[in-house]
Amino acid sequence: MSQVITPFTATGIGSMPFRFPEYACRKSLDSFPDAPFWPQLPRCGFNEDMVAQYAGGIPGVTIDFEEKVIRGELTEQAVSDMAEFYGTYLDIEAGATPPEDFCAITEESASGLHQFKRILVKENAKKPFIKVQTTGPCTFALGVKSHDSTPIFFSQDYRDLVVKALAMKCRWQIRQFAPFAEGIICFIDEPVLSAFGSSAYLGLTRDDVVAVLAETVAAIHAEGAMAALHCCGNTDWTMFVDSHVDIINFDSYEYGDTLAIYHEEIKKYMEAGGMVAWGAVPTSDSVRNETVDSLADRLEEKMDLLSSKGIDKDLIARSAMVTPACGTGSMAEDDAEKVFALTPALSRHMQELYGVRK
């Protein structure tokens with residue numbers, strides 16, 4: 001990565017509630033000029049659901065659009081397709097140029113991605129950063145189930161395939177947008193990890209989570225991009241640290257105290273250059289009652305708590321980014337509009353407060 005992220009730079013989480021790709025892309029570009037992102041538009045259809053969106057081309061994964069169910073089965077055809085996938089994958093790992101369509105995300109599944117690229121081409125754009133995103137391997141493979149309702153994550157062969165396919169979808173996106181930015185940030189979205197340790201996922205081990213996250217992070221680094229991990233609930237944040245990710249993104253509005261539980265690991269992470277993207281703007285009805293000043297006060301409280309555990313406040317500030325708490329795809333449009341107004345405004349406020357505004 002050739003460029004350093006300015007402290008308190010703002011970006012967004014992928015989903016938006018809008019139905020028109022052009023409008024959504026302009027909203028992203030206008031709201032987040034230093035790190036815009038391509039918008040996921042789930043209200044355009046189930047094909048833009050956060051799991052369905054990345055299912056294309058993964059052997060054995062099928063989508064029932066009527067039932068809105070995604071299944072994974074290692075049929076005879078799927079096994080044959082797996083062999084072909086691994087052949088291409090190993091060629092790429094050995095240094096071959098990836099085929100243009102290998103693990104591509106189609107316009108049918110991501111209208112915002114393709115519209116976003118068209119706008120960048122038309123405007124001959126060069127942004128400081130562009131943010132892309134992929135549903136993480138845990139959320140994907142725990143959400144896709146076989147005929148007996150077992151998540152495919154618990155099939156070691158299928159898990160390995162999914163991890164590598166999603167990693168290649170990350171790499172494909174990075175190559176698509178690298179010409180338009182000084183640096184690319186690829187978010188790995190793992191909302192399911194907010195349930196880590198619960199009875200719902202008793203078979204999910206910490207070692208397995210760290211392993212699949214680390215492999216995905218390594219693939220992103222192989223393309224020269226920064227890797228970020230997003231979870232919109234509480235989880236064991238040391239799993240993210242141990243995956244060697246560059247940016248940890250979490251809902252600090254609701255769960256801002258949780259990072260301090262792991263203060264020793266977070267201190268070492270920040271000292272090594274890791275960043276925390278504070279999800280400081282709520283993506284719930286609470287946004288209706290918030291202002292830039294109230295959000296800044298709340299963010300300062302969470303940063304002060306972390307500082308009270310022995311982490312230098314200046315280090316916390318230098319390591320900070322600002323985002324919404326989560327995606328806005330399920331919000332009312334008016335509420336989402338407020339999120340996209342408050343987030344960059346909070347970013348500017350914090351940059352001016354800490355004297356880091358460019």
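It should be emphasised that the depicted structure is a prediction, and the values quoted were computed from it without experimental measurement.
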Closest non-hydrogen atoms of Glu190 and Cys231, given as atom of the first, atom of the second and distance, are O-SG, 3.5 Å
In this structure, OG of Ser28 is separated from CD of Gln115 (nearest 0.5 Å) by 12.5 Å
Just checking Lys268: does its NZ atom have more than 12 heavy atoms from other residues, nucleotides or ligands closer to it than 6.0 angstrom?
no
Under a 4.0 Å threshold between the charged nitrogen and the carboxylate oxygen, would Arg159 count as salt-bridged to Asp208? yes
Next on the checklist: side-chain hydrogen bond (donor to acceptor under 3.5 Å, both in side chains), that's the test. Do Asp160 and Gln156 meet it? Break it down for me.
Outcome noted: CA-CA 6 Å; Asp160 183 71; Gln156 190 167 346; over 6 Å; no
**Request:** Please determine, by modelled atom types, if Asp236 and Thr238 share a side-chain donor-acceptor pair under 3.5 angstrom.
**Result:** yes
Output for pair (Gln173 CD, Gln133 CD), nearest 0.5 Å, gives 6.5 Å
Checklist entry - Would you call the rings of Tyr89 and Tyr86 parallel, tilted or perpendicular if under 30° counts as parallel and over 60° as perpendicular? => result perpendicular
Could you go through Phe8 and Tyr354, starting from their C-alpha distance and side-chain angles, then the distance that decides it, and tell me whether this counts as ring pair (Phe, Tyr, Trp, His ring centres under 6.0 Å)?
CA-CA 9 Å; Phe8 297 105; Tyr354 283 88; 5.3 Å; yes
Any Phe196 side-chain heavy atom under 4.5 Å of Arg206 side chain
yes
Query raised in the report: Between Glu337 and Lys27, is there a side-chain N and carboxylate O pair less than 4.0 Å apart?
Result: yes
Open item on the list: Using a 6.0 Å cut-off, check whether atom OH of Tyr262 has over 12 heavy atoms from anything other than its own residue.
Closed with: yes
Task: Residue pair Phe37, Phe116: steps toward the ring pair (Phe, Tyr, Trp, His ring centres under 6.0 Å) verdict - done: CA-CA 8 Å; Phe37 64 97; Phe116 192 68; 7.7 Å; no
Separation between OG1 (Thr343) and CZ (Arg348), nearest 0.5 Å, reads 10.5 Å
ask   = Are the side chains of Met275 and Ile248 in touch, meaning some heavy atoms are under 4.5 Å apart?
value = no
Notebook entry, point to check: Would you call Glu182 and Lys127 a salt bridge, using N to O less than 4.0 angstrom?
Noted result: no
- Sub-4.5 Å side-chain heavy-atom contact between Ile130 and Ile185: no
Would you give me the side-chain donor-acceptor pairs under 3.5 Å for residues 92-105, sequence neighbours excluded?
{"from": "Glu93", "atom 1": "OE2", "to": "Arg171", "atom 2": "NH1", "distance (Å)": "3.3"}
{"from": "Glu100", "atom 1": "OE2", "to": "Gln176", "atom 2": "NE2", "distance (Å)": "3.2"}

Between the CG atom in Leu193 and the CG atom in Asn234, the distance rounded to the nearest 0.5 Å is 11.5 Å
So OG1 of Thr134 and CZ of Phe187: to nearest 0.5 Å the spacing works out to 12.0 Å
Exercise for the section: May I ask you to check whether Trp237 and Thr258 show a side-chain donor-acceptor distance below 3.5 Å? Expected result: yes
List the atom pairs, donor and acceptor, that lie under 3.5 Å between side-chain atoms in residues 209-221 and the rest of the protein, sequence neighbours left out.
{"from": "Glu215", "atom 1": "OE2", "to": "Lys164", "atom 2": "NZ", "distance (Å)": "2.9"}
{"from": "Thr216", "atom 1": "OG1", "to": "Val212", "atom 2": "O", "distance (Å)": "2.8"}
{"from": "His221", "atom 1": "NE2", "to": "Asp246", "atom 2": "OD2", "distance (Å)": "2.7"}

Residues Cys232 and Pro191: closest non-hydrogen pair is SG-CB, 3.9 Å
Can you classify the ring geometry of Phe250 versus Trp278 as parallel (below 30°), tilted (30 to 60°) or perpendicular (above 60°)? tilted
Test: Glu107 and Arg118 ion pair at under 4.0 Å
yes
* Heavy-atom side-chain proximity of Arg26 to Ile119 below 4.5 angstrom -> yes
Is the shortest heavy-atom distance from the side chain of Ser286 to the side chain of Tyr253 under 4.5 Å?
-> yes
*Decide whether Asp157 and Ser155 meet the rule of one side-chain donor and one side-chain acceptor closer than 3.5 Å.*
no
Original post:
Without hydrogens or angle criteria, can the side chains of Thr135 and Asp189 be said to hold a donor-acceptor pair below 3.5 Å?
Top reply: no
Nearest heavy-atom approach of Ile247 to Ala277 is CG2-CB, 3.8 Å
Just checking, is any N or O donor in the side chain of Glu73 or Ser146 under 3.5 Å from an acceptor N or O on the other one?
no
Discussion item. Using the rule given for side-chain hydrogen bond (donor to acceptor under 3.5 Å, both in side chains), can you reason through Asp207 versus Thr205, listing the C-alpha separation, both sets of side-chain angles and the distance that settles it, and then say yes or no?
Written reply: CA-CA 5 Å; Asp207 287 347; Thr205 71; 5.6 Å; no
Give every donor-acceptor pair under 3.5 Å between a side-chain atom in residues 329-336 and any protein atom, sequence neighbours left out.
{"from": "Asp335", "atom 1": "OD1", "to": "Arg288", "atom 2": "NE", "distance (Å)": "3.0"}
{"from": "Asp335", "atom 1": "OD2", "to": "Arg288", "atom 2": "NE", "distance (Å)": "3.0"}
{"from": "Asp335", "atom 1": "OD2", "to": "Arg288", "atom 2": "NH2", "distance (Å)": "2.8"}

Heavy-atom closest pair (Trp38 atom, Ala110 atom, distance to 0.1 Å) is CZ3-CB, 3.9 Å
(request) Decide if atom NZ of Lys267 counts as having more than 12 heavy atoms of other residues, nucleotides or ligands within a radius under 6.0 Å. (result) no
message: Can you tell whether the side chains of Lys302 and Glu254 come within less than 4.0 Å, N to carboxylate O?
response: no
Problem - Ser111 vs Glu48 side-chain heavy atoms within contact, under 4.5 Å - result: yes
Taken to the nearest 0.5 Å, the spacing of Asn47 CG from Gln53 CD works out to 8.0 Å
